[in-house]
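We count ligands from 1, going down the list as the structure has it; atoms in each ligand are counted the same way. The structure displayed is predicted, hence computed values, not measured ones.
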Amino acid sequence: MPNALYDALFAPHQGSSKPFLYLPDNTALSYDAFLKLTAQIAHVLQEQDVKPGDRVAAQVKKSAEALALYAACIQAGAIFLPLNTAYTPNEVEYFVGNAEPRLVVCDRASHEALLPIAEKAGARLLTLNGDGTGTLTDEAARQPDRFVTISRTGDDLAAFLYTSGTTGRSKGAMLTQDNLLSNAQSLVEAWRFTADDVLLHALPIFHTHGLFVACNVILLAGGSMIFLPSFKTDEVISWLPKATSMMGVPTFYTRLLDDPRFTRELASHMRLFTSGSAPLLAETHNAFEERTGHRILERYGMTETNMTTSNPYDGERRAGTVGFALPNVEIRVVDPETCKTVPDGEIGVLEVRGPNVFKGYWQMPEKTKEEFREDGFFITGDVVAIDKDGYVQIVGRAKDLIISGGFNIYPKEVELLLDEQEGVLESAVIGLPHPDFGEGVVGVVVPRNGSTINEEKLLAGIHDKIARFKQPKRIFTVDELPRNTMGKVQKKILRDRFADIFQTK
Ligand code: AMP
């Protein structure tokens, strides 16, 4: 039965003994073994009463089995909903309550905390640990290794990814089979991926970059991946000789450049390095070229749009830009005040239309409507300019979203939490240039009358309330927050005032 995404990414590899994943313990998993595991997990999903169109939420560590769970959802027609492993049970409760999955899969360590949350939402709960053990794989081992693929149309949903959003709560971006497939096809072509590629994969797989950009591209091309649990410089350096290509966030590249073992010789055989999810400083781009002779190919996208622009494979990869719109993707730069396209070269908000653009936010028709124009263009909220040669330059973010280590942080969420703490009158959370993370989260607080703020105590107070990557690295106290005449906090003034606090390492 037709299921375009499964048929393109997975089915062609049936029976292939070619290695799909090279794993950190020096073993390799063949395509055939991966697809058998996928089929077994798809049977477990059916057994757990997961029907086509049902959601399967997964807060699991990166592993071959976790990737097979994604594949199994596609094969069984379920909607895969990966969750950042750093989310606290408190946060997971919101996602599970909102998405109402039929099944939740989590690490053994969080089973106890998530059980009441899953039960409350009427979902079943299975475990999958970072080493591939757990009740999910125990059940799978008893299942047949063939599964009759469930039929799906291109317009059916394949995944939900919760965005950190910039206004209000996290939203579930609904991604269709066509969204994912069309983007994978464009990228394979644009970046010349083939079955000979071995991609060094050190990104998380709960995010669009590591899951869709990296895995879908390799699956479609029939290549292999070195599948590392996270980015560790030592590990990456030791695996690099076996790779042909690597996809990274800017932090990966600054870390490699910080290590004298990362030499021209070590990188000489590589075909391609790509970067995205956060701005790659022109300085990093240039230092990388000087060290290795390679020009990093920077591209741009977001959860809602998949990849939108890319620097060219052939032709100039221009530092500080994210290149041109991908084939079949339309972009325009709009003045948010007048809603009109700006003259060439001027700054405005980027809008996108094409098969890559998501279907809307789960159960938020109003929000979806607000972020789309009548003619189908999606308003990204990214402020850009297009230079005279057509290269898109990301100038900033319309709404003060912070990106630290490639993860998005919505300042409001952290501010609300700081404001609840003893002695705090109000707060502003900003991102400041950080040599390792791109941006580091900083809290600026105003004490209540007569209170004194102790930085350490304040940080300890929020420690277990939000994911670590969202927690401020520093807290500063000020007498009052700078505000404009409309009463809005002027974060730019704060950012300028504290600009270089992370610059002296
Ligand atoms: P996410 O939805 O987590 O992928 O985050 C999307 C946001 O990351 C975009 O709206 C941009 O603000 C930012 N982003 C992604 N790629 C780049 C890039 N190459 N340069 C600058 N910002 C980027």
- Message: Does E189 have more than 12 heavy atoms from other residues, nucleotides or ligands lying within 6.0 Å of its CD?
- Response: no

- Item | Crowding at CG, D344 (>12 non-hydrogen neighbours, <6.0 Å) | no

- Can you tell which of T305, N216, L326 makes a side chain to side chain contact (heavy atoms under 4.5 Å, CB included) with N183? L326

- Got a sec, which pairs hit salt bridge (Lys or Arg N to Asp or Glu O under 4.0 Å) with one end in residues 266-276, sequence neighbours left out? D197-R271

- Atoms of ligand 1 less than 4.0 Å from T208 heavy atoms? 4 (O)

- In ligand 1, which numbered atoms sit nearer than 4.0 Å to a non-hydrogen atom of S277? 8 (O), 13 (C), 14 (N), 15 (C), 16 (N), 17 (C), 23 (C)

- Listed partners of T309 passing side-chain hydrogen bond (donor to acceptor under 3.5 Å, both in side chains), at least two apart: none

- Query: Would you say T380 contacts ligand 1, with heavy atoms under 4.0 Å as the rule?
  - Reply: no

- Task: Mark up the atoms of ligand 1 that fall under 4.0 Å of a heavy atom belonging to T303, in ascending order.
- Result: 1 (P), 2 (O), 3 (O), 4 (O)

- Message: Is the contact between I403 and ligand 1 made by the side chain, the backbone, both, or neither, using heavy atoms and a 4.0 Å cut-off?
- Response: side chain

- Task: For the pair H207 and F407, name the ring-plane relationship: parallel under 30°, tilted 30 to 60°, perpendicular over 60°.
- Result: perpendicular

- Message: For H209, state whether at least one heavy atom is located under 4.0 Å from any atom of ligand 1.
- Response: no

- Identify, by atom number and element, the atoms of ligand 1 in contact range of P279, meaning under 4.0 Å from any of its heavy atoms. 20 (N), 21 (C), 22 (N)

- Counting heavy atoms only, which of A173, G438, G301 comes nearest to atom 15 (C) of ligand 1? G301

- Message: Please classify the A278 to ligand 1 contact at 4.0 Å (heavy-atom distances, strictly less than): side chain, backbone, both or neither.
- Response: backbone

- Message: Does ligand 1 come near enough to E304 that some N or O of the ligand is less than 3.5 Å from an N or O of the residue?
- Response: no

- Query: Of all the atoms in ligand 1, which lie at a distance below 4.0 Å from a heavy atom belonging to E298?
  - Reply: 18 (C), 19 (N), 20 (N)

- Message: Tell me if the aromatic rings of F372 and F358 count as close, with their centers under 6.0 Å from one another.
- Response: yes

- Considering the heavy atoms of H207, write down every atom of ligand 1 situated less than 4.0 Å from one of them. 1 (P), 3 (O), 4 (O)

- F377 six-ring face occupied by R332 cation (under 6.0 Å, within 45°): yes

- Task: State yes or no: are the ring centers of Y313 and W191 separated by less than 6.0 Å?
- Result: no

- Item | Residue-ligand contact G381/ligand 1, heavy atom below 4.0 Å | no

- Mark the output for D382 as yes if a heavy-atom distance to ligand 1 is under 4.0 Å, and as no if none is. yes

